[in-house]
Structure formats: structure tokens, C-alpha cells
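Counting from 1, the numbers follow the sequence of the chain as shown. None of the values given here were measured: they were computed from a predicted structure. Read the numbers this way: they start at 1 and go in the same order the structure lists the ligands and their atoms.
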Amino acid sequence: MVAGFTLPSGTCKKGTRLVKRLSITSILVLPIVFLVVTSVSAQPAPQRVIIDTDPGVDDAMAILLALHSPELKVEALTVVPGNVEAAQGLENALKLVSLAGRCDVLVAAGAQHPLNQKLITAQFWHGPNGLAGVDLPTPKCKPDPRFGPDLIIEMAHKYPHQITLIPIGPLTNIALAVSQDPGIVSLVKDVVIMGGSITGGNVDGAAEANIYNDPEAAQIVFNAGWTVTMIGSDVGERTLITRKDVTQLQANHAPESDFVARLADFYVTRSEKSGYPGAAMYDPLAVATVIDPTLVTLHNMHVDVETRGEFTRGETVANRRGSDENNVLHGNHYEIEGVIPLKPNARVCVASDADRFVRLFVDRITGTK
Ligand SMILES: [Ca+2]
């Protein structure tokens, strides 16, 4: 019997047939409705993310990957100077969301320079405008008037425990946000940083570019009290997009994949000139880690940022053992009196499934999956 269904009086036979039909219908339809409802509710809600970016060839690829991924809801892009100056970065970010037809994504300017040093830009790697010299149309989307770090703070409070920050540039904006409001440490869901390295740098022997470009900011962010996820350059350098992938991107004609194909062509060509077999997908790997954490292997470590070393400024110094020796002065010498335990503050990426990542990237950009 269908719950809540009553028959009018004097319609017993017809009513019985009707009830039978309804019962049969309900037997057939209700399980289907149940399955549909269950499968819809089983889909996890998209994760809210804010991408803090210095766009940037690989930033552009990372942002478009995020905008093409149903697992993510990109709430905002906050712009930090790095690969390009702040004004150029803001223009690039607005052009990217305009290209994607996504003026619903907030784009806010942030810091204008690193906390404690001069800006170092990277047109050498990213082209004169930061986007491989590709001249995208004047943006239709407009900037949000809020200051990037303020927007990060607002969003963390508006969506407690839901926002994942994905900083893919120097950590200046994130440091400003967490310094102004340390309360966001317990409110954000995760901080997935593209930056650092535990096996040598890409600027010099020690430092990775995003950390090197604002080491003081990075030290604040790593030691703010949250556990960050660190996707370093040493893994990015083993996660390459190659000429074969460029060809596949070129074969698919749509405005966004055409644009990414041009970026990838520029980026791979630049990397080949420097002797690499492909281009390091630094920033897209950080975004992909949020889309599918099974793409990477993470190990808990305590990470500090060297801010003073003559040869090591900007190095992320990772303690893999979880303790420091406790050396105590005894007269004219020190003695080891045991160890001082260290709490991990980072989940450090030590490996990626590069093939599966590149497939995901190409499929999403070309709209294949
Ligand atoms: Ca970047």
C-alpha cells in the first residue's frame, strides 16, 4: 500500500486494481528513485578552494585545471607578485577567468612586494607577460575591490573548515592573512603549497623559487600552527608534460585547450633548451593533489625555512626523523643528552604518479573526461 493513499467509498474493485497497479509501480519505481537519490547524495560536494597565484605559465595551467574539475569550487584567485609584477599578475588572472567564462570567480589583488626583500620576476621562464607571450583578449571580468589577504580571512570565516588554500606563488599573501588573523589557522581545511624542496632547489643548490622569493613569509606560513601540504619542486621536476602531450592538446580545438597548448608548447620548448625532457608541472600538481590526493605520496615532517644562510636562504629544511639532538654544554664541550621531539608541521610530497597526473590534466583541459 502506498502510504497516505485513501480510496473514495464505492470504488472497491476499481480501487483494488488501482492499488495493485500503484503497488506494482511503486515496487518498480521506488528502488530506482532510491538509487538515484543515493547516488546523487553519495557524490561529495565540491571542495571550496582559493588559489593564491602569481600567473605564470604553470599557474595558468593550474587555474584552468581547477576550473575544469567538478571536484573543486574555485571561490577566488588572490594575486601575489612573483613570476610577474603584481599589476601584470592581476591582469593575467582576470584574463584567465574571462577566457574560461568564469566571472563568478572572485579575483583580488594582494601584496605588491615580498615582506622583506626586492621582488624577483621570472619572465625568463614564463615569457614577457608571464603567459608565454600569448596575448589574450582584454578581460571581461572585473577585480574584486578587497585586498587579497582580507578576502582569504573573510572566506575562512564564512566557510569554516571548508576552504582549502592553494598557494602556488610566493607565500606573501598567506603570511599577511595569518599574521593579521591567526584564527584562520583552525578555520581552513588545508593549505596545499607549491613550494620548497627537500632535495635541492631550482633557483640554486638549496632553494625553490616560491620560497626563495619570500623566505620570511614562508617561515611564517610553515610555522603558523596548521599542518601544510608541501608539493615541492623536486617532485614537480619528476612530473613532466612532454612534446607528446603538447601534440594531444594541439589536436583538440577549443579556446581554452588552444591556449593551454600554446603555453605548453612554449614551456616544453623552454625546458628542452635547458636540457630537460619536458616541462615541470609544479603548480598544476598542487591543484591535482586537492582533486585526487591519491596522485601523491606524503610523509609527515617538520619543515623550517632558512632565512639567513649564505648559500641556503630560502631552503625548506625538512627534519625526517621527528627530533633534534639535545646538545648541552658541559664545561668546555657539549654533550648529547638525548633528543628533543619535533611535531610535524607539513605533509611533504615525496613522489607523484606522474603518468596518471598528466592524463588527468590533458583529459580535463581537452574536456575528454
Ligand atoms: Ca606560480
> Given atoms OD1 of Asp59 and O of Ile168, what angle do they subtend at the Ca ion (ligand 1), to the nearest 10 degrees?
Replying inline: 140°
> Is there side-chain contact between Tyr267 and Met61, with at least one heavy-atom pair below 4.5 Å?
Replying inline: yes
> Would Arg308 and Glu216 pass as an ion pair if we require N to O under 4.0 Å?
Replying inline: no
> In Asp54, what N, O or S atom is nearest to the Ca ion (ligand 1), if we give its atom name?
Replying inline: OD1
> Do Pro46 and Leu72 come close enough that some side-chain heavy atom pair is under 4.5 Å?
Replying inline: no
>> Restricting to N, O or S atoms, which atom of Asp283 is closest to the Ca ion (ligand 1)?
In response: OD2
> Are side-chain heavy atoms of Asp283 and Asp59 found at a separation under 4.5 Å?
Replying inline: yes
